[in-house]
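Both counts, for ligands and for their atoms, begin at 1 and track the order of listing.
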Amino acid sequence: MPEAPHDQSREEARAEARLTAARLSDEGVVALALTWIDNAGVARVKGLPLRRLPEAAVEGVGMSPVFDVFLVDDAITSSRHLGGPDGDLRLFPALDRAVALAAQPGWAFVPADRYRQDGLPHPACQRAFAARTVERAEERGITFRAAFETEWIVQRAEDGSYPTDGPAYGLHRITDCSDYLRDVLLALEAAGLTVLQVHPEYSPGQFEVSVAAGDPLGAADDAVLVRTTIRGVSAQHGLRASFAPAFEPGGVGNGGHLHLSAWRDGRNLLAAAEPSGDGAAFLAGVLRELPALLALGAPSPASYLRLVPSHWAGCFQCWGVENREAALRLVQGGDEQANVEVKCFDLAANPYLAVGGVIAAGLAGLEAGATLPEPVQGDPALLPPERRPARLPTTLDETLTAFRASTVLRDALGDVLFEAIASVRAAESAAYGTRQPEDVVAATKWRY
Ligand code: GLU
Ligand code: MG
């Protein structure tokens with residue numbers, strides 16, 4: 001029988017779960033969506049009645065490890081360590097993150113931590129990977145604030161038409177969709193998220209929401225919660241939301257930009273326009289690792305339809321101050337606000353892998369005293385070839401090659417998780433790498 005995870009005793013876990021269940025019950029919750037994100041970036045779930053929460057907090061809920069090698073289309077591959085019908089894991093609810101879902105009355109969202117049956121952490125648990133990486137940084141005196149932006153495209157469920165034909169960033173779109181966007185905002189805030197902005201984006205029917213930054217693990221949980229909430233509100237309005245990297249071949253896609261600031265002794269290491277010292281080394285570490293990091297942040301065959309020049313997707317391996325075509329945009333705004341925005345990432349990413357991977361790469365840069373090249377101004381695609389920075393990988397296959405060569409990411413992820421990710425990327429690349437963009441879009445449009 002597994003032990004309750006973390007350093008809690010079984011009785012402590014049961015007592016905390018009872019309190020959480022009572023709180024949720026007061027909010028009308030009767031069912032829990034115990035959720036984890038697989039390596040393909042798809043949210044998977046076990047639903048359970050609220051009354052089972054104390055039991056789940058002590059014993060966990062069973063689930064096969066085969067989900068670590070599921071693909072976006074639900075096909076199943078295998079890795080050196082994982083795959084096949086054998087074995088079982090236990091999902092433990094992260095009780096402190098359990099929250100009622102305003103757009104799905106009666107349901108609460110709870111992220112899951114995955115453990116082996118003997119009570120040890122599952123080596124391929126992505127949430128544990130993120131937590132572990134943050135801890136490693138804390139041991140070096142560094143903490144982070146992080147947030148994911150969410151872009152999505154919305155259509156009427158009935159006929160696939162757009163609920164607005166207003167212009168990009170146009171007030172017209174908010175007017176057309178005012179009830180829907182108000183309900184999105186209310187549902188996000190009801191879930192405890194602090195909404196910073198909601199705005200129409202560039203593509204037809206496209207919107208974006210940003211929420212306040214928090215600790216990296218919380219930011220990854222929030223990214224899942226934001227999407228679940230938007231999907232729920234959309235359904236209530238007869239709409240369908242797509243978070244896929246590419247929605248129309250050739251169009252501007254949905255990004256999942258990650259904002260991150262690194263702090264030591266109350267000081268934001270990225271606050272200067274020209275980062276120096278540890279801030280520069282951290283950024284240089286991320287920059288150097290970007291081709292491999294795409295395996296975590298732009299993991300879908302569809303990611304490469306989005307990641308093209310002059311689409312604000314950041315497809316060149318460079319950084320720039322407030323440059324929206326650089327893969328790393330240094331966002332200014334004083335000590336409180338300054339951060340790096342990883343623009344090349346999208347929402348097919350498992351957010352725990354994305355944030356943990358970036359932090360691991362930055363820490364490696366710090367340890368190596370990596371040096372930061374000059375910033376790039378303007379659209380790199382328009383620079384003369386001799387001054388143009390390298391293009392990031394243009395296919396999932398190229399990304400996989402970079403990932404396989406990354407000792408930084410292999411060491412940080414551990415062999416079991418690393419190999420599972422590599423196997424999923426290889427299998428999706430084999431299945432979709434040579435297909436027409438229309439087919440890739442059709443296979444991924446509604447999955448993330
Ligand atoms: N939709 C763009 C992307 O694919 C980003 C637009 C923006 O800069 O917000 O990342
Ligand atoms: Mg945007």
Side-chain angles (χ1 to χ4, degrees), residues 41 147-155 162 166-170 173-174 177 181 184-185 188 195-213 219 223 226-227 230 241-260 290 293-294 296-333 339-349 351 354 358 376-381 391-394 396 399 437 440-441 444-445 448:
F148 286 89
E149 289 179 6
T150 303
E151 294 185 337
W152 78 102
I153 289 173
V154 68
Q155 287 188 330
Y162 293 110
Y169 306 94
R173 284 200 198 173
I174 287 199
C177 299
L181 293 171
V184 166
L185 208 149
L188 292 171
V195 175
L196 300 180
Q197 340 181 347
V198 53
H199 68 262
E201 256 292 343
Y202 188 83
S203 279
Q206 192 178 34
F207 293 96
E208 171 176 331
V209 74
S210 44
V211 296
V226 165
R227 240 179 297 168
I230 293 173
S242 170
F243 303 93
F247 193 74
E248 297 283 357
V252 169
N254 290 316
H257 310 168
L258 168 62
H259 291 262
L260 188 74
L290 273 182
L293 280 170
L294 289 188
L296 309 182
S300 167
S303 299
Y304 300 85
L305 300 174
R306 162 185 172 263
L307 214 45
V308 294
S310 312
H311 279 54
W312 289 357
C315 69
F316 287 93
Q317 189 177 6
C318 62
W319 75 283
V321 179
E322 298 292 8
N323 184 347
R324 287 179 169 76
E325 282 295 345
L328 299 182
R329 167 189 171 210
L330 193 67
V331 180
Q332 299 198 288
N339 65 83
V340 60
E341 178 181 24
V342 185
K343 288 210 61 128
C344 48
F345 284 8
D346 61 55
L347 297 170
V358 168
V376 169
Q377 275 189 307
D379 186 347
R391 223 3 239 279
L392 287 170
T394 58
L396 183 53
T399 288
V440 176
V441 166
T444 52
K445 205 172 187 172
Y448 298 110

If I take atom CG from residue L185 and atom CD1 from residue I230, how far apart are they, to the nearest 0.5 angstrom? 10.0 Å
If you round to the nearest 0.5 Å, how far is CG of D379 from CZ of R324? 13.5 Å
To the nearest 0.5 Å, tell me how far L307 CG sits from T399 OG1. 8.0 Å
Taking all non-hydrogen atoms of both residues into account, name the closest pair between A302 and T444 and its distance. CB-OG1, 3.5 Å
Output every pair passing salt bridge (charged side-chain N to carboxylate O under 4.0 Å, His left out) with a member in residues 307-322, not counting sequence neighbours, ordered by first then second residue. E322-R329
Under the side-chain hydrogen bond (donor to acceptor under 3.5 Å, both in side chains) rule, collect the residues that match up with Y169, sequence neighbours excluded. E201
Tabulated below should be the N or O atoms of ligand 1 paired with protein N or O atoms at under 3.5 Å; can you produce that?
| residue | atom | partner | partner atom | Å |
| --- | --- | --- | --- | --- |
| ligand 1 | 1 (N) | E151 | OE1 | 2.7 |
| ligand 1 | 1 (N) | G253 | O | 2.9 |
| ligand 1 | 4 (O) | G253 | O | 3.3 |
| ligand 1 | 4 (O) | R306 | NE | 2.8 |
| ligand 1 | 8 (O) | K343 | NZ | 2.8 |
| ligand 1 | 9 (O) | E151 | OE2 | 3.1 |
| ligand 1 | 9 (O) | E201 | OE2 | 2.9 |
| ligand 1 | 10 (O) | H257 | NE2 | 2.7 |
| ligand 1 | 10 (O) | R306 | NE | 3.3 |
| ligand 1 | 10 (O) | R306 | NH2 | 2.7 |

Spatial distance of atom NE2 (H311) from atom CZ (R306) [nearest 0.5 Å]: 10.5 Å
If you round to the nearest 0.5 Å, how far is NE2 of H199 from CZ of F207? 10.0 Å
Listed as residue and atom, the protein N/O/S atoms under 2.8 Å from the Mg ion (ligand 2) are E151 OE2, E201 OE2, E208 OE1
How many angstroms lie between OG in S303 and CG in L294, if you round to the nearest 0.5 Å? 8.0 Å
